[in-house]
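Below you'll find the structure, written out as structure tokens, and then a few comments.
Computed from a predicted structure; not experimentally measured.
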Amino acid sequence: MKIGIITPFPPYRGGISKHSENIYKELIKSSDINIFNFKRQYPDIIFPGKNQFLDNPNLFNSNNIIRIIDSINPISWNKTAKLIIEKKINRLIFRYWNPFFIPCYIYIIKYLKLKNYNIKFYSICDNAVSHENIYLQKYFMKKFINHLDGIITMSSHVKNEIISLTKKDVNCRNIFLPILDDLPQKLDRDLARNQLNLPSDKKIFLFFGLIRDYKGIDILLESINNIDKSLYKKFKLLIVGENYIDIKKYKKIINDSLKDNILWYNEYIPDKYINLYFSSSDYVVLPYKSGSQSGIIPMAYYYDKPVIVSDVNGLVELIDDNTGFIFKNKNINQLTTILENCIRSSNLLTVSYENIHNMKNKLSTKSYIEELLDFIK
């Protein structure tokens, strides 16, 4: 079995590229695999961030990792399809997260079918419907699904969305997003706080990741505003990640008396510094209004941190007994109560670190690859 994966990969940055690299490094141990990367992922004019590329990418010197696909140039799609045939790929996996790429993906599939090439098509779907309201995305997604032999999802919510889109039986398996194998090691909490110039005697909450509307930072900040005044001097909130939207509207939410409690680190955080923020924190907060899955929850577990999440489908599936706290989506008062209880608690008696450790084992990359290979075989 020769496997090909069409996906973002270093030098591109972002969670999908990072997780694709993680999957590749485990797959290469046992499988014949080729990565077909993008040489242009997004045209600059539609990319919402500051930079699509890593500052110092760890590039692989390998003939089986090829930067070839230009997302808006069909000539490159044709070249990619021909190279897939040349490489004798018989299992082709598309990494799907945005309908912008569906024309490219369908072109490649149709070319290979036209050539009567014996190949099975699969997709790892980070979501079924994009977080943004994109015109005709359900129409294009349905067409893409109908060309596939199988789909891997990362939450039952996405699996159900895919089934509802097609209105027919779909060969679909749910495999949770794994913990990255090469995250920097956990640091001593006080050492990490000292490096970030953070106080050692306060409860610290962490929001980590790209700042986008659906992630509910406004809900989190409104909840912070409601915290009992007697607790103001006992906590800090770190908001860490590059903003894909203007954050001025969020900063206006915070009461003047609480502005010093919110520390903003609004830039892309290189992998080597991730452990500083997670090791410094006591709780990781995901106040998402919607979501299909999250790479942040596995990351929190890696650093032995309990999570506070909204009851959005795709998030709550990763919360086991006493690995975190759940509040009703957009319910500011419930989130405030959880935050206050966490601040008041002198320890974390309601959190089971044994269960967090069990979830870490469940979300290992090795387990993910075993299930993926079983599915595509």
Side-chain angles (χ1 to χ4, degrees), residues 8 12-19 40-55 71 96-101 126-138 157-158 205-226 236-256 258-271 273-274 277-278 281 284-297 299-300 307-310 312-315 327 329-332 335 339:
Y12 291 100
R13 71 187 195 187
I16 292 174
S17 175
K18 186 65 182 172
H19 278 279
R40 175 162 54 184
Q41 185 177 207
Y42 293 104
D44 290 339
I45 195 170
I46 67 169
F47 182 68
K50 298 173 184 176
N51 184 10
Q52 297 186 52
F53 299 99
L54 295 163
D55 291 333
S71 63
Y96 173 82
W97 72 100
N98 190 306
F100 174 75
F101 299 94
D126 290 74
N127 52 48
V129 179
S130 176
H131 301 299
E132 291 78 20
N133 186 19
I134 299 176
Y135 183 61
L136 291 178
Q137 65 171 319
K138 290 185 178 180
H157 172 63
V158 174
F205 301 96
L206 172 67
F207 173 95
F208 191 91
L210 291 175
I211 297 176
R212 301 169 72 180
D213 277 327
Y214 78 89
K215 294 192 176 181
I217 290 181
D218 53 332
I219 304 299
L220 176 56
L221 295 178
E222 293 284 7
S223 300
I224 293 287
N225 279 343
N226 289 345
K236 295 282 188 183
L237 167 64
L238 312 184
I239 299 180
V240 182
E242 183 179 354
N243 52 299
Y244 272 18
I245 55 175
D246 190 342
I247 60 173
K248 290 179 182 177
K249 66 176 182 177
Y250 293 134
K251 292 188 175 184
K252 290 179 181 178
I253 293 173
I254 293 295
N255 293 338
D256 288 342
L258 281 165
K259 289 188 182 298
D260 289 341
N261 291 64
I262 317 298
L263 303 177
W264 302 81
Y265 301 84
N266 296 135
E267 58 186 2
Y268 178 80
I269 306 300
D271 292 346
Y273 298 125
I274 287 173
Y277 299 95
F278 280 88
S281 68
V284 179
V285 190
L286 293 86
Y288 294 11
K289 301 173 187 175
S290 64
S292 49
Q293 42 76 27
S294 170
I296 303 301
I297 295 176
M299 199 177 293
V307 294
I308 301 171
V309 304
S310 59
V312 166
N313 291 324
L315 299 186
F327 67 94
N329 189 15
K330 301 180 184 178
N331 192 312
I332 292 168
L335 178 52
L339 295 173

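- Residues N225 and I254 form a side-chain contact, since some pair of their non-hydrogen atoms from C-beta on lies under 4.5 Å apart.
- For the atom pair I219 CD1 and I217 CD1, the distance stands at 11.0 Å (nearest 0.5 Å).
- In this structure, F101 has its ring center closer than 6.0 angstrom to the ring center of Y42.
- Residues W97 and I16 approach most closely at CG-CD1, 3.2 Å, considering heavy atoms.
- Under the 4.5 Å side-chain criterion, counting only non-hydrogen atoms from C-beta, F207 is not in contact with V240.
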message: Does Q52 form a side-chain contact (heavy atoms from CB on, under 4.5 Å) with D44? I'd like the steps, not just the answer.
response: CA-CA 9 Å; Q52 297 186 52; D44 290 339; 3.4 Å; yes
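- Contact check for W264 versus K251: side-chain heavy atoms found under the 4.5 Å cut-off.
- F327 contributes atom CZ, which lies 9.0 Å from atom CG of L286 (distance to the nearest 0.5 angstrom).
- For the pair S294 and I297, the tightest heavy-atom approach, listed with the atom from each and the gap, is OG-N, 3.4 Å.
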message: Applying side-chain contact (heavy atoms from CB on, under 4.5 Å) to I239 and L221, what does each step give before you reach the verdict?
response: CA-CA 10 Å; I239 299 180; L221 295 178; 4.1 Å; yes
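- In this structure, R13 satisfies the cation-pi test against Y268, with its NZ or CZ atom closer than 6.0 Å to the six-membered ring centre and inside 45 degrees of the ring normal.
- Note: Y265 and Y277 meet the aromatic proximity criterion, with ring centroids under 6.0 Å apart.
- The aromatic rings of F278 and F208 lie tilted to each other, with the angle between the two planes from 30° to 60°.
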- request: Could you give me the CA-CA distance, side-chain angles and deciding distance for D218 and K289, then say whether salt bridge (charged side-chain N to carboxylate O under 4.0 Å, His left out) is met?
  value: CA-CA 10 Å; D218 53 332; K289 301 173 187 175; 2.9 Å; yes
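- Counting only heavy atoms from C-beta outward, the side chains of F205 and L238 never approach each other to under 4.5 Å.
- Atoms CG and CD1, from L210 and I245 in turn, are 10.5 Å apart once rounded to the nearest 0.5 Å.
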